[in-house]
Amino acid sequence: MASSEEGEDRKYRSTLPGFLGTIDTFISRFEAMILAIGVILMAANTIINVIGRFVFQHSIFFTGELNRILIILITFAGIGYAARYGRHIRMSAIFDVLPTKMRKNLMIFISVITAITMFALCYYSVGYIISVAKSGRILPSLQFPVYIIFLWVPVGFFVTGIQYALTAVKNLTEKDVYLSTHVIEGYDDDELEI
Amino acid sequence: MAIKIAGIMIVLLLAGFPMMVPLLLGAFYGFYELFSGFSKMEFMVQQMLAGIRPASLIAVPMFILAAEIMTRGQSANRLIDLVMKFIGHIKGGLAVSTATACTLFGAVSGSTQATVVAVGSPLRPRMLKAGYNDSFVLALIINASDIAFLIPPSIGMIIYGVISSTSISELFIAGVGPGLLLLVCFSVYSIIYATIKGVPTEPKSTWGERLGAMKMAVWPLGFPVIIVGGIYGGIFSPTEAAAACVLYALILEIIVFRSLKLRDIYAIAKSTGLITAVVFILVGAGAAFSWVISFANIPQEILGAVGVDQMGPKGVLAVISIAFFIGCMFVDPIVVMLILVPIFVPVVEAVNLDPVLVGVIITLQVAIGSATPPFGCDIFTAIAVFRRPYMDVIRGIFPFTVILFFVSVALIFFPQIALFLRDLAFR
């Protein structure tokens, strides 16, 4: 399962045309990297802190702050990545028994509403970051401005919004029902992934 | 406002929206009504980011990472082997072994889905071959895997602890008793089932074979020692125990068993990151939502209308049980917790209930609801993993639901089942 997903990353191609597509493909790889490296760093950081506390009677002073930064990065890189592969949790039991035509229309509706929600959150999170930047708050141990740790938040919302918007377009232009830009329903190859 | 928010959310959830959307739109609508317009939406983003901030939440990705490492390694098979060698030969031995192996793996991994895959997948063919009916086998695997919810580590308990500001260590220890009680009940049912259906027993293992299996399983058995022992002994916080588990899982699967290579870690970490993100965006959205409903005094409104304040502690526990059970029959347990826990926190405080007991009861209801038709999410895990039709999966579930109902009632009337170990360790 792991290796097939690895391959998926490499062969992932954005559905956007031209230069935009290149950027989107690049973002997708970058998201995958943040997810993997973020989790590895978080594990290393937490483990070293535990060892430090027990062996050297010393906690690392910035462990908490570093983990906080990593969890924000992982969450907001991950929502875009999950949207690409149709991996957001949803209750599809009723959806699945509807006739194809209704499923397709409902999927378009779901994608459009979700995209609008994400774009709105992108807009408001930019506003939030500006207000944090103006306040001049500094992380107490790492000593850099707090707003920097939120910079990926609007990007994550924006990328997720784009993915859902593209899913709507895909459903309008293609015959099958698309759960995301790259997942056609019925091909449950990802379902086993835990 | 409460009715409008509930209406929006239920419709969107059932229509199949990604579950973050109903939570987010519920919160959006609440902020819009409360501040008459879009002036405070940035504050909503702030609430979302504050929601994923608590340091104890770091235990969630760490336990997921440890479980991912072990599901791809050998730990599960070694635990299954150990259990089979010791109790495989009794009447209904395969079924009892399945339940026991699920419980043991739950003590190692904390994820129901991981348990269904790691224990259910290898044991189902063996049970079918031995003559068990598939509906019984599927129902047993789903329900026994749900014991993982209660046995520490438990991701649901971490989330409950964070939302309700309850000690996660105490919750973990209090989950052990009810988890073991469920195992005993499922085992008794399995033995009765095997006796009535006349399922043949398995050959008995020699003590030599048992010793061999013990040697093989001694390493994976270190996980419960780290988690329960570490927390019980006051050595680890849950997050530290989770980090220790990751380290231990890495040492085990890479160095001792050599079942994973260092380069596999990248893929495992990526998949952990993805699961984490999907859960954490819900936690963030849930935090914004929960801010809205408490600011608008919605819990008091709803609970006042139901008349909970006159019910007394046992009545409140019954209402909580029913609400969570029904919620989980329809949507994902984490979403149910994110929505309902903030609603019930004020009344739990008002009638002076022990938040740890409430947490264990909620976790139990979440486990039962997730395995109950029409839409309990474990049913769909089983459909995906075993590729069986919906009706086959749900046919055998009813007897388990009855058992679970009795355990729920027992827990309300005899809270010591959960609190005994907790009091021993922390009071």
Side-chain angles (χ1 to χ4, degrees), chain A residues 1-3 5-6 9 32 34-40 42-43 46-47 49-51 53-54 64 67-68 71-72 74-79 81-83 85 87-96 106-107 109-110 113-114 117 120-121 123-125 127-128 131 150 153 188 191-194, chain B residues 13-21 24-25 28 41-42 44-46 49 52-53 55 57-58 61-62 65 67-68 71-72 111 113-114 117 236 239-240 242-244 246-247 264-278 280-282 284 330-332 335 374-375 380 384-385:
Chain A
M1 271 187 275
S3 55
E5 212 179 75
E6 274 300 283
D9 269 348
I34 295 183
L35 287 180
I37 294 175
V39 168
I40 292 171
M42 182 184 278
T46 318
I47 291 170
N49 189 44
V50 172
I51 295 176
R53 194 160 83 76
F54 283 99
N67 274 348
R68 186 176 162 212
I71 200 69
I72 292 173
I74 292 170
T75 303
F76 288 92
I79 55 169
Y81 194 81
Y85 291 102
R87 291 283 297 273
H88 278 288
I89 303 174
R90 52 194 282 267
M91 207 289 289
S92 61
I94 296 178
F95 180 93
D96 289 342
L106 184 55
M107 200 62 220
F109 180 66
I110 288 174
I113 299 286
T114 308
T117 311
L121 282 167
Y123 174 78
Y124 291 119
S125 54
Y128 175 64
S131 73
F150 298 137
V153 174
D188 52 350
E191 299 271 75
L192 284 174
E193 189 73 33
I194 305 299
Chain B
L13 277 173
L14 295 185
F17 273 74
M19 289 195 185
M20 60 180 169
V21 176
L24 288 169
L25 289 183
F28 252 127
M41 293 304 171
E42 283 157 22
M44 178 179 150
V45 174
Q46 186 185 350
L49 291 169
I52 57 173
R53 185 176 176 171
L57 279 177
I58 299 295
M62 291 299 103
L65 178 60
E68 286 273 294
T71 311
R72 295 176 197 212
S111 149
Q113 279 99 329
V117 175
F236 287 138
T239 309
E240 290 172 333
V246 171
L247 182 63
D264 296 328
I265 300 300
Y266 185 85
I268 292 175
K270 195 180 80 186
S271 130
T272 303
L274 181 60
I275 303 169
T276 305
V278 168
F280 272 55
I281 193 66
L282 289 174
F330 293 91
V331 284
D332 192 83
V335 177
F375 304 134
F380 297 96
V385 173

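Computation of the quantities below employed the complete heavy-atom set of this structure, encompassing side-chain atoms and omitting hydrogens, waters and symmetry-equivalent molecules. Within every chain, numbering begins at 1; the chains are lettered A, B, ... in the order of the sequence lines, protein sequences first and strands thereafter.
- Closest approach of Ile71(A) and Ile52(B) over heavy atoms only: CG2-O, 3.8 Å.
- Residues Phe375(B) and Met91(A) form a side-chain contact, since some pair of their non-hydrogen atoms from C-beta on lies under 4.5 Å apart.
- A heavy-atom distance below 4.5 Å is found between the side chains of Tyr124(A) and Phe28(B).
- Contact annotation for Ile89(A): both backbone and side-chain heavy atoms come within less than 4.5 Å of a heavy atom of chain B.
- Interface remark: Tyr123(A) contributes no atoms to any contact with chain B (heavy atom separation under 4.5 Å).
- Nearest heavy atom pair, residue Ile110(A) against residue Ala15(B), reads CD1-O, 3.7 Å.
- Residues Phe236(B) and Phe54(A) bring their aromatic ring centres within 6.0 Å.
- Proximity of Ile113(A) to Leu25(B): side-chain heavy atoms (C-beta onward) are separated by under 4.5 Å at one or more points.
- Of the atoms belonging to Ile51(A), it is side-chain heavy atoms, and not backbone ones, that fall under 4.5 Å from chain B.
- Here the straight-line distance linking atom CE of Met41(B) with atom OG of Ser125(A) works out to 13.5 Å at 0.5 Å rounding.
- In terms of heavy-atom proximity, Ala82(A) sits nearest to Val278(B) at CB-CG2, 3.7 Å.
- Between Tyr81(A) and Lys270(B), some side-chain heavy-atom pair lies under the 4.5 Å cut-off.
- Contact between Ile74(A) and Ala277(B) at its shortest, heavy atoms only, is O-CB, 3.5 Å.
- The CG atom of Leu247(B) lies 4.5 Å from the CD1 atom of Ile47(A); values are rounded to the nearest 0.5 Å.
- Remark: Thr75(A) OG1 to Ile281(B) CD1 distance equals 6.5 Å, nearest 0.5 Å.
- A donor-acceptor contact shorter than 3.5 Å is absent between the side chain of Arg68(A) and the backbone of Arg53(B).
- The candidate with the highest count of non-hydrogen atom pairs below 4.5 Å against chain B, out of Ala36(A), Ala120(A), Gly78(A), Ala83(A), is Ala36(A).
- The two atoms that bring Tyr128(A) and Glu42(B) nearest to each other are N-CG, 3.6 Å, heavy atoms only.
- You'll find the side chain of Phe76(A) reaches within 4.5 Å of the side chain of Leu49(B), heavy atoms only.
- Of all heavy-atom pairs spanning Pro61(B) and Met42(A), the tightest one is CG-SD, 3.8 Å.
- Within a 6.0 Å radius of CZ in Phe380(B), other residues, nucleotides and ligands contribute more than 12 heavy atoms.
- For the atom pair NE2 of His88(A) and CG of Leu274(B), the computed distance is 8.0 Å after rounding to the nearest 0.5 Å.
- Only the side chain of Leu282(B) comes within contact range of chain A, judged by heavy atoms closer than 4.5 Å.
- Distance check: Thr117(A) OG1 to Phe17(B) CZ gives 8.0 Å after rounding to the nearest 0.5 Å.
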